[in-house]
Amino acid sequence: MAETRRAPRTPLTYVLRLVVIAYLGLLVAWPVVLVAWNAFHVPDVGFTTEAFAGIFGDPQMMHAIQLTCMAAVVATLINLVFGVSISLLLVRTEFPGKRVLSALIDLPLSVSPIVVGLALVLVYGGRDGWFGPTLESAGIQVIFATPGIIMATAFVSLPLVIREVIPVLEEIGTEQEQAAASLGASSWQTFWRITLPGIKWAVIYGVVLTLARSLGEFGAVKVVSGNVLGQTRTATLAVEEKYLNFDQQGAYAVAFLLASVSVICILVVFVLRARGARVR
Amino acid sequence: MSIEVSGVNKRYGDFVALEDINLTIPTGQLTALLGPSGGGKTTLLRVIAGLETPDSGSVVIEGKDATSLPVQKRNVGFVFQHYAAFKHLSVAKNVAFGLEIRKRPRAEIAAKVEELLELVHLSQFANRLPSQLSGGQRQRMALARALAIEPSVLLLDEPFGALDAKVRKELRDWLRRLHDEVHVTTVFVTHDQEEALEVADEIVVVNQGGIEQIGTPEQLYDEPANDFVMSFLGDVTTLGGALIRPHDVEVTPSPISEHSLEGTVSRVLRIGFEVRLTVLTDDGEVVTAELTRTHARALQLEEGVNVFVTPSPGAYTMPAPSPAA
Ligand SMILES: Nc1ncnc2c1ncn2[C@@H]1O[C@H](COP(=O)(O)OP(=O)(O)OP(=O)(O)O)[C@@H](O)[C@H]1O
Ligand SMILES: [Mg+2]
């Protein structure tokens, strides 16, 4: 199988292609297209942007969208700073427990977001959480408030920057950093002038992926936010709410907005990857 | 004295990489650290630079104790075997790096960079990225970058190791000329004895974490301190139980002194202008001798011919090590 020669085209080739296309089509493409379609199309009425007008005219919906964007941006910034620091720590230093930490980082990907939400409530819950009452008495409410939403969002998207950056850090090695040090650069100068430019593309991919993931987070946020209308209801929670309240058109419209942002994020990554490959 | 290394030890786990190194490198000279792979040359160079901390011992650079100084403060230029070019910066920006860190005025940096690029013959490549240079050009850029900070010592780790033989030879001559121009105290690592003999003012032979001998190329070649140095710096053979260089073995049709040994030519190998003979003496010793083509022809040397082998008068010999060594 080591041959690079392409396998001859047999009927099986075509069958396989058909299966793949059908699989992706039925599972991903068609449902997403239908969401878009239903966002703009009402039976018996035809095409309309009424649902969007409804959303943009509804201050509480606008608040939900703003909250989602704010939480996603803040969570992404947090994961940018911590992600790069943790990557540097894991690749450039030796310490006991390094492997355990490395394994822990993948946890958010393998654990259900609902579990993440419940875990956060156990720790930060205002009434009987482990740490929550202390914070509460200091005037900081985490659960059922914006900090909880940001924490839940940051938790679920934690590994994305790290998993992009680590392989690149390993690949570029330490020689350039040592050369910078021998030329007099402090560790901080070396980081800004040498290391960061070296991992720039990986950081950008990681940030875009984190942003896309954060915008769409539902399960963990649902548990910690309390879903209070006009206060802690995020866009994804609003989609569910509208759907359950038979405002299906509205639900599709918000879903369409969320999906559009994610698709744009994916396109950005796609273009950047192509450019990055050319630059290197 | 520019660099003084005293009592330096360095271990990696159980492995002793450097053992009680004492070394003085004079100002303004070109010194080679020569030795076989894994001998500890890179480790020693990195200890001098401050890229590696010794377990014990001290490093003094230009009279200042540098043992506890970090690499940033030692003002050494370090050139890595694989260039360590800053990939995202242009050639000019690479060279300017150390000066920008030192916050020199812009005009001064520009002038200095131009001067250095001129020196390393890279002026027309100033705006290229390192990936658009050849290996030899990248190495010259790395050298210019290290020289930009006007280092008190310049340290090069196998600077030409990754280049092909021809470019290597060119750069080696160029390094020598450059050093005669710039006069910065320079230490370079090599495992190529020809490179060391040709370029260096002084050679330090490093083997198995220790120093075997320090001396000028002539001293090392003519009076090696031990059999390791003798065999590392050139070909050796044994004659009458002594180590001797093959070109110091005289081959004659009849005995010329009481040290002459009789034998038969078992192999004749012609390499360019010289002929390498293998002679099996009647005592069962295998002796290699080198002579010129003309000389060999005059003697009508062929396999199976009877000859006498004698050490040339004044040839340097030393007792051969016991077979166990
Ligand atoms: N970081 C390290 N960890 C463990 N062992 C090391 C480390 N660095 C070097 N060594 C060991 O120390 C010894 C000396 O290494 P060093 O790199 O100084 O050799 P060298 O003389 O430069 O060899 P070469 O000519 O192959 O570059 C080697 O046996 C090497 O395996
Ligand atoms: Mg080495």
Side-chain angles (χ1 to χ4, degrees), chain A residues 80 84 87-89 91-99 161 164-208 271-280, chain B residues 13 42 45-46 48-52 61 66 69-90 93-104 109 129-132 138-139 141-157 162:
Chain A
L80 168 64
V84 172
S87 305
L88 280 171
L89 203 65
V91 177
R92 293 285 190 259
T93 59
E94 285 298 329
F95 55 90
K98 185 167 143 174
R99 293 168 67 108
V161 167
E164 285 288 332
V165 170
I166 280 185
V168 179
L169 265 183
E170 277 168 352
E171 191 200 310
I172 61 175
T174 55
E175 273 211 340
Q176 291 185 54
E177 290 165 12
Q178 290 179 14
S182 78
L183 292 167
S186 65
S187 355
W188 191 242
Q189 285 170 319
T190 303
F191 172 75
W192 280 108
R193 288 166 181 256
I194 303 301
T195 315
L196 199 56
I199 58 173
K200 183 173 72 181
W201 290 114
V203 171
I204 292 173
Y205 305 149
V207 162
V208 175
V271 171
L272 287 181
R273 267 192 206 282
R275 256 191 67 183
R278 233 183 315 133
V279 168
R280 238 176 284 148
Chain B
T42 300
L45 200 71
R46 290 173 61 88
I48 296 173
L51 290 166
E52 210 80 66
I61 298 176
L69 279 186
V71 57
Q72 288 92 342
K73 301 255 169 71
R74 291 199 188 188
N75 200 39
V76 294
F78 200 98
V79 176
F80 294 80
Q81 179 170 357
H82 298 287
Y83 328 123
F86 302 142
K87 290 191 182 135
H88 61 290
L89 297 178
S90 70
K93 280 282 176 193
N94 262 273
V95 176
F97 188 88
L99 298 171
E100 283 177 358
I101 292 291
R102 283 165 176 70
K103 303 228 164 33
R104 295 285 163 74
I109 296 179
L129 284 177
S131 59
Q132 297 165 316
R138 260 178 245 178
Q139 193 57 288
M141 180 195 84
L143 207 52
R145 184 176 72 182
L147 286 172
I149 62 170
E150 295 178 4
S152 8
V153 292
L154 182 62
L155 307 171
L156 307 105
D157 189 4

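Sequence lines set the chain letters: A, B, ... in the order given, protein chains first and strands last, and positions in each chain run from 1.
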* Of all heavy-atom pairs between Ile109(B) and Arg104(B), which one has the smallest distance, and what is that distance? -> CD1-O, 3.4 Å
* Structure fact -> Residue from Leu155(B), Asn75(B), Val71(B), Leu99(B) scoring the most non-hydrogen pairs under 4.5 Å with chain A is Val71(B)
* Asked: Contact part of Ser187(A) toward chain B, heavy-atom cut-off under 4.5 Å: side chain, backbone, both or neither?
  -> backbone
* Under 4.5 Å, counting heavy-atom pairs only, tell me which of Gly77(B), Gly50(B), Ala85(B), Ala148(B) racks up the most with chain A. => Ala85(B)
* Relative to the ring of Trp192(A), is the ring of Trp188(A) parallel (under 30°), tilted (30 to 60°) or perpendicular (over 60°)? -> perpendicular
* What part of Gln189(A) is in contact with chain B, defined as an atom under 4.5 angstrom from a non-hydrogen atom: side chain, backbone, both or neither? -> side chain
* Asked: For the candidates Lys73(B), Arg102(B), Gln72(B), which exhibits the highest count of non-hydrogen atom pairs separated by less than 4.5 Å from chain A?
  -> Gln72(B)
* To do: Could you tell me which of Gly198(A), Pro197(A), Ala181(A) has the largest number of non-hydrogen atom pairs under 4.5 Å with chain B?
  => Ala181(A)
* Whether Arg145(B) side chain and Met141(B) backbone form a donor-acceptor pair below 3.5 Å -> no
* Of all heavy-atom pairs between Ala49(B) and Val76(B), which one has the smallest distance, and what is that distance? -> O-CG2, 3.8 Å
* Would you say Tyr83(B) and Asn94(B) make side-chain contact, with heavy atoms under 4.5 Å? -> no
* What residue in Phe86(B), Phe78(B), Phe97(B) has the most heavy-atom pairs under 4.5 Å with chain A? -> Phe86(B)
* Would you find a donor on one side and an acceptor on the other, under 3.5 Å apart, between the side chain of Arg74(B) and the backbone of Ala66(B)? -> yes
* Structure fact -> Applying a strict 4.5 Å limit to non-hydrogen atoms, the region of Ser186(A) in contact with chain B is backbone
